[in-house]
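Report on the following structure.
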Amino acid sequence: MRPLLEVKNLVKRFRGLAATNNATLDVLEGEIHALIGPNGAGKSTLINQLSGELVPDEGRIVFRGQDVTAAPTHRRAQMGLVRSYQITSVFNDMTALENVMLAVQGRTGRNFGVWTPTRRDRDLIGEAVEALLQVGLETEMNTPVSEMAHGARRQLELAMALALKPRLMLLDEPLAGMSQVESEAMVALLKRFKSDISMLLIEHDMDAVFELADRVTVLVSGQPIETGTPDQIRCSQTVQEAYLGKPSELM
Ligand SMILES: Nc1ncnc2c1ncn2[C@@H]1O[C@H](COP(=O)(O)OP(=O)(O)OP(=O)(O)O)[C@@H](O)[C@H]1O
């Protein structure tokens, strides 16, 4: 079966420095694929090119068999390649429900009628509610984002991404800043979505990576040095050497 996402010989340079250096990797249907590597290895730069926020200098990105290397972010999202929202793109003075409704609107192009709610508006609300239920935010639907705990906000970002009906979700450190309890809840959530949605995730929490990922790609100096199952990565001599100085992260 053809991979859902194929990244071929991708290069991105910043003032001569190759932040992505001939990167080739793929994500399969139904897979959680983690991207790990030391600070500055080029993880965010790579994800930014996959989402369409950065244009590669060389190489190709193929999603569902179509070349999307030059496609804008919204076109990729329409095809199902969706980046989880960043906290900065959530409106703090709006409720969780209103934020997800905006995400649904972005996908469908429907406008919400302020004065005369129509059947289509009810559909829109229904979809937004469903996304919030999926992430377990049913009790916080009408809470303004500014009053939500950090963990709940991260769940909201996920709900907003789910509202876009992704086939492949790009997740940039979904557990960052979370308490142990919040992290465990998020890991459980991501596992639940796995049967429907593939994921490429950057995460520094190695316990979570090894628990969640089917495959892991290790990035060093912009280049994938190894891809394998969590066990293969844990035991890899190449990976141990690349992480020299902090081998405990991988144990
Ligand atoms: N917009 C930019 N302009 C210039 N250099 C950049 C830019 N973005 C990233 N870099 C450089 O590219 C390299 C890779 O950075 P990147 O943020 O992608 O790494 P990362 O693996 O995501 O790091 P971290 O784990 O610390 O978030 C670094 O040397 C960084 O300084």
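Computed from a prediction, not measured in an experiment: that's the story for all the values here. Worth knowing before you read on, the calculation uses all heavy atoms, side chains too, and leaves out hydrogens, waters and symmetry mates. Numbering of ligands and ligand atoms starts at 1, following listing order.
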Practice task
Give a yes or no on whether atom 31 (O) of ligand 1 lies under 4.0 Å from any heavy atom of the protein.
Solution key: no
Problem - Donor on one side chain, acceptor on other, T73 and E53, under 3.5 Å - result: no
Completion exercise
Here the atoms of ligand 1 under 4.0 Å from any heavy atom belonging to A41 are 19 (O), 20 (P), 21 (O)
Handout entry: The single option from D26, L200, L50 passing side chain to side chain contact (heavy atoms under 4.5 Å, CB included) against V7
Key = L50
Completion exercise
of all protein heavy atoms, closest to atom 23 (O) of ligand 1 is G40 N, 2.9 Å
Exercise for the section: With heavy atoms of H204 as the reference, note each atom of ligand 1 found under 4.0 Å away. Expected result: 25 (O)
Handout entry: Shortest protein contact, atom 9 (C) of ligand 1 (heavy atom only)
Key = F14 CE1, 3.5 Å
Fill in the blank from the handout: Ranked by distance from atom 29 (O) of ligand 1, the top protein heavy atom is L17 CD2, 3.7 Å
Fill in the blank from the handout: In ligand 1, the atoms that come under 4.0 Å of a heavy atom of R15 are 4 (C)
Practice task
Answer with yes or no whether the side chains of D67 and T69 bring together a donor and an acceptor at under 3.5 Å.
Solution key: yes
Exercise for the section: Any atoms of ligand 1 less than 4.0 Å from a non-hydrogen atom of A19? List them with their elements. Expected result: 12 (O), 13 (C)
Handout entry: Distance-only side-chain donor-acceptor flag, N48 / R83, under 3.5 Å
Key = yes
Exercise for the section: Report the C-alpha separation of E226 and T217 in whole Å, then their side-chain angles, then the decisive distance to 0.1 Å, and conclude whether the side-chain hydrogen bond (donor to acceptor under 3.5 Å, both in side chains) test is met. Expected result: CA-CA 6 Å; E226 191 127 334; T217 290; over 6 Å; no
Completion exercise
Separation between CZ (R192) and NZ (K194), nearest 0.5 Å, reads 14.5 Å
Handout entry: Top protein contact for atom 25 (O) of ligand 1, by heavy-atom distance
Key = K43 NZ, 2.7 Å
Exercise for the section: Starting at CG of N142, measure out to CD of E140 and round the result to the nearest 0.5 Å. Expected result: 10.5 Å
Exercise for the section: Could you find the nearest protein heavy atom to atom 27 (O) of ligand 1 and give me its residue, atom name and distance? Expected result: S44 OG, 4.1 Å
Problem - With L170, the side chain to side chain contact (heavy atoms under 4.5 Å, CB included) member among L35, L81, V82 - result: L81
Fill in the blank from the handout: atom 19 (O) of ligand 1 has as its nearest protein heavy atom G42 N, 3.1 Å
Exercise for the section: Starting from atom 15 (O) of ligand 1, locate the nearest protein heavy atom and write down its residue, its atom name and how far away it is, to 0.1 Å. Expected result: T45 OG1, 3.8 Å
